[in-house]
Amino acid sequence: MSTQVHANLTEEQVKQISEGLDEPEWLLETRLDALDALEGLEMPDVIRTPGRNWTNLYDLDFAGFVDPLNAAEEKDQVGPEEVEVMSIAEALDEREELVREGFGSVVDPEENYLTALSTALFSTGTVVYVPEGVDAEDVTVRTRMNSQSLFNYTLVVTEKSSSVTILERQTTGDEVDGERYYSGLVEIDAGENSNVQYGSLQNVDEETYTYTLKRGHADSHATINWIEGNVGSRLTKSSVETHLQGEGSESQIVGAFFGHNDQHFDVAARVWHEAEHTTADLVTRGVLDDDARSVYEGVQDVGSDAWDTSSYQRENTLMLSDESEADASPKLIINNHDTEASHSATVGQVDQQDLFYMTSRGVSPRMARNMLVEGFFVPVLEEIAVEEFRDDLSDLVAERLRE
Amino acid sequence: MARLELRNLHAQVAEGGEKILDGVDLEVRSGEIHALMGPNGSGKSTTAKVIAGHPAYEVTDGEVLVHLDEEEFEDIEIPEDMRTVNLLDLEPNERAALGVFLGFQYPAEIEGVTMVNFLRTALNAKLEEREELFEDDEGEEAEADADDEDAGYDTSPMEGDVEEGDVGVAEFQEIMAEKMDQLDMDTEFAQRYLNAGFSGGEKKQNEVLQAAILEPSIAVLDEIDSGLDIDRLQDVSNGINALRDEQGAGILQITHYQRILDYVEPDHVHVMLDGKIAKSGGAELAHQLEDEGYDWVREEAYETA
């Protein structure tokens, strides 16, 4: 199925965005190529079970909520002195070569319809550059979306033996009429023996559709650890991915989502083992209440050259109502026999024995349920090394339970 | 003195399932230890679960009454007409608030909820629920407000902030440490997740600890002695004796074996067969059952019938 939802997007609009950022010619060309490609590109893959597409992106009214020339946001992007944390415009001005090398090197701009749309229209973004040997914590990127649509781009480059912790948050600010769209592409190029921890907490309002694709390339002995928290949004389509390209590289993907009302979460965690002695650990937990739905895909792909691979994946979804729905598809693809791997997924309701046990001690059913839900997220929270992020996520969970 | 009274209690597996209890009559007063014995499948555990309000069972006849002792309720005045309560009209958490505790044979393992937070929450919830249960009509509005509050909570129980009138974190930790010491439990247990990864013996000890902290008037302990080594059996027994001797609780000790009764001496022993009490007696009855089994009781029961 090809997509014809954007007949109203024009080269003029793309040129205008590019001019606004005072961009070099190569980037404008990349944008225009992506715009041209839109017509022939498919939507990103979604899980299909017999008779059903769990997430129907083709029916979304992109023409209605994509407003290319009126992007508005508030952004904080701060970090310690030894790290360069730049807006995309600053980065193009001061570190054009870095952006040119990095842009599109991890996520192909024309990978699918939504990456191409993002590439053609992005108007905001952050570039984080960590020089060799630098250890940096507390790079913070806060994006508050104030317009109908917002296209965000993030590039992280870490040089040899450096280390960085990045926390990103997305929220919505000024109200707008109708539905909204947030799109974010994140590329991480982790140099040899560097360490990146990238945490993202999405809590936009429930009139907003979100598409995010976060992908990293890990060089030899590099580590990329992702934390992905999704609480807001009407429909979340999120994929977090690592290519373990260098010997001894590692990745952990920790995910948490909590849906209520008619929220829909389509989340994926994917890792490709492409070199020897690589390790991956994927842990995702989600809770659904009311009519909320989730679909999870986890992929551990062990390549033929990936000797001595260790790869683990666990996904658990807890449903708080009879109307909520969940599907999970953990996949293990092994092309090298020297592999230690496991994968599992469960979907279940609150355990009635657990509830009875707690209420028999005097705790009200509602409080018992809330304690069980908070406890359910603990194994995920325990994997989060950054205290601030852990606190923010558990606060959002507690807030949701109070509603 | 509080009193738990089972009158002609009939129950079946919920939604029309198998009939299990066939007219149980039993009375336990605070300060007394009763042993409820009987072969597997006779209805002992079902009796315990029905008392506590387990949703898997449906009561088809009879009553489970609690006659309350006002002295145990400290600041709360219990209206005259509410001093006898039919537990079957109440939710499990309300039954707990009235001082009825169920010690489980197989306690749930609850990941992510620490012992200390759970028990502090339970203790505070019990105190609040008691107040709500005995508010007079004028208090209905306040009760409605309290129900609203119950729709969530102002602070996460994981963080453990304190509301007015609640037992605070520091105070509770002291209470818990003292009770753990009495039971010879490692204080590290306080920070562990509720029963998660506990050995069978640790779980049983934990049940007794919870009873010690929640201070019930009546504790129904369902086969809390099974699977314990001798040291743990003594610890658990000491805990049960303390519940009676120090807190004045009435104990309904459900057991399959005489062994625990060497340490927890019962005032009364009841034999359950086919969903009813077939015979009652003193501590010597337990010894006789150990020696001779249940067949003679069954024969006696048939003859009487």
Side-chain angles (χ1 to χ4, degrees), chain A residues 231 254 256 258 260 283 285-287 289-290 314 316-318 320 346 348-384 387-388 390-403, chain B residues 48-49 51-56 91-104 106-114 117-130 132 146-147 149-159 193-196 207 210-211 213-214 216 220:
Chain A
V231 179
V254 175
F258 190 168
H260 71 159
V283 188
R285 288 207 162 192
V287 172
D289 201 354
D290 306 324
R314 305 178 291 294
N316 309 95
T317 312
L318 178 67
L320 301 180
T346 65
Q349 302 227 337
V350 172
D351 189 302
Q352 292 305 307
Q353 297 294 338
D354 291 355
L355 261 188
F356 176 64
Y357 184 74
M358 296 173 86
T359 54
S360 79
R361 299 293 189 251
V363 176
S364 72
R366 179 70 190 250
M367 176 77 92
R369 189 203 75 160
N370 288 357
M371 290 185 96
L372 285 171
V373 170
E374 291 196 306
F376 179 77
F377 278 117
V378 163
V380 162
L381 294 169
E382 281 178 342
E383 297 294 336
I384 302 175
E387 193 179 342
E388 185 188 347
R390 205 166 52 228
D391 290 348
D392 284 354
L393 185 55
S394 58
D395 285 352
L396 282 177
V397 169
E399 205 176 292
R400 172 74 37 103
L401 288 168
R402 275 203 301 271
E403 282 170 4
Chain B
K49 287 176 180 164
I51 292 169
H54 196 293
E91 297 298 322
N93 59 308
E94 296 172 323
R95 301 181 194 203
L98 289 183
V100 177
F101 179 91
L102 173 60
F104 285 69
Y106 302 110
E109 297 193 17
I110 298 176
E111 189 182 38
V113 177
T114 61
N117 279 330
F118 174 68
L119 286 175
R120 195 174 72 85
T121 305
L123 185 60
N124 284 325
K126 175 181 162 174
L127 299 174
E128 281 166 28
E129 190 64 53
R130 279 184 171 194
E132 283 175 29
D147 282 347
E149 274 172 33
D150 193 42
Y153 36 76
D154 290 339
T155 56
S156 158
M158 290 172 74
E159 292 165 10
Y193 296 140
L194 196 52
N195 295 317
E207 293 296 284
Q210 294 188 40
I213 288 170
L214 296 173
V220 180

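This structure is a prediction, so every number in the text was calculated from the model and none was measured. Reminder, nothing fancy here: chain letters follow the sequence lines and each chain counts from 1.
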Output the option from A:Asp351, A:Leu355, A:Asp354 having the highest count of non-hydrogen pairs under 4.5 Å with chain B.
A:Asp354

Rounded to the nearest 0.5 Å, what's the gap from CD on B:Glu94 to NZ on B:Lys126? Could you check?
14.5 Å

Restricting to ring-ring contact (aromatic ring centres under 6.0 Å, His included), what partner residues turn up for B:His54, sequence neighbours left out?
A:Phe356, B:Tyr57

All heavy atoms of A:Val397 vs all of A:Glu374, minimum pair found to be CG1-CG, 4.3 Å

For B:Leu123, is it the side chain, the backbone, both or neither that has a heavy atom under 4.5 Å from a heavy atom of chain A?
neither

Please look at B:Glu109 and chain A and tell me whether the side chain, the backbone, both or neither of the residue comes under 4.5 angstrom of a heavy atom of that chain.
backbone

At a 4.5 Å cut-off on heavy atoms, which part of A:Glu382 comes close to chain B: side chain, backbone, both, or neither?
side chain

Of all of B:Leu119, B:Leu102, B:Thr114, which one pairs up most often with chain A through heavy atoms under 4.5 Å apart?
B:Leu102

Bottom line for B:Asn195: the part with an atom under 4.5 Å from chain A's heavy atoms is side chain

Could you tell me whether A:Arg285 sits above the aromatic face of A:Phe376, with NZ or CZ closer than 6.0 angstrom to the six-membered ring centre and within 45 degrees of the axis?
yes

Does a side-chain N-to-carboxylate-O contact under 4.0 Å join A:Glu403 and A:Arg400?
yes

A:Val287 and side chain to side chain contact (heavy atoms under 4.5 Å, CB included): which partner among A:Leu401, A:Leu320, A:Leu372?
A:Leu320

Side chain, backbone, both or neither: which part of B:Gln210 has an atom under 4.5 Å from a heavy atom of chain A?
side chain

Can you tell which of B:Phe101, B:Tyr193, B:Tyr106, B:Phe104 has the highest number of heavy-atom pairs within less than 4.5 Å of chain A?
B:Phe104

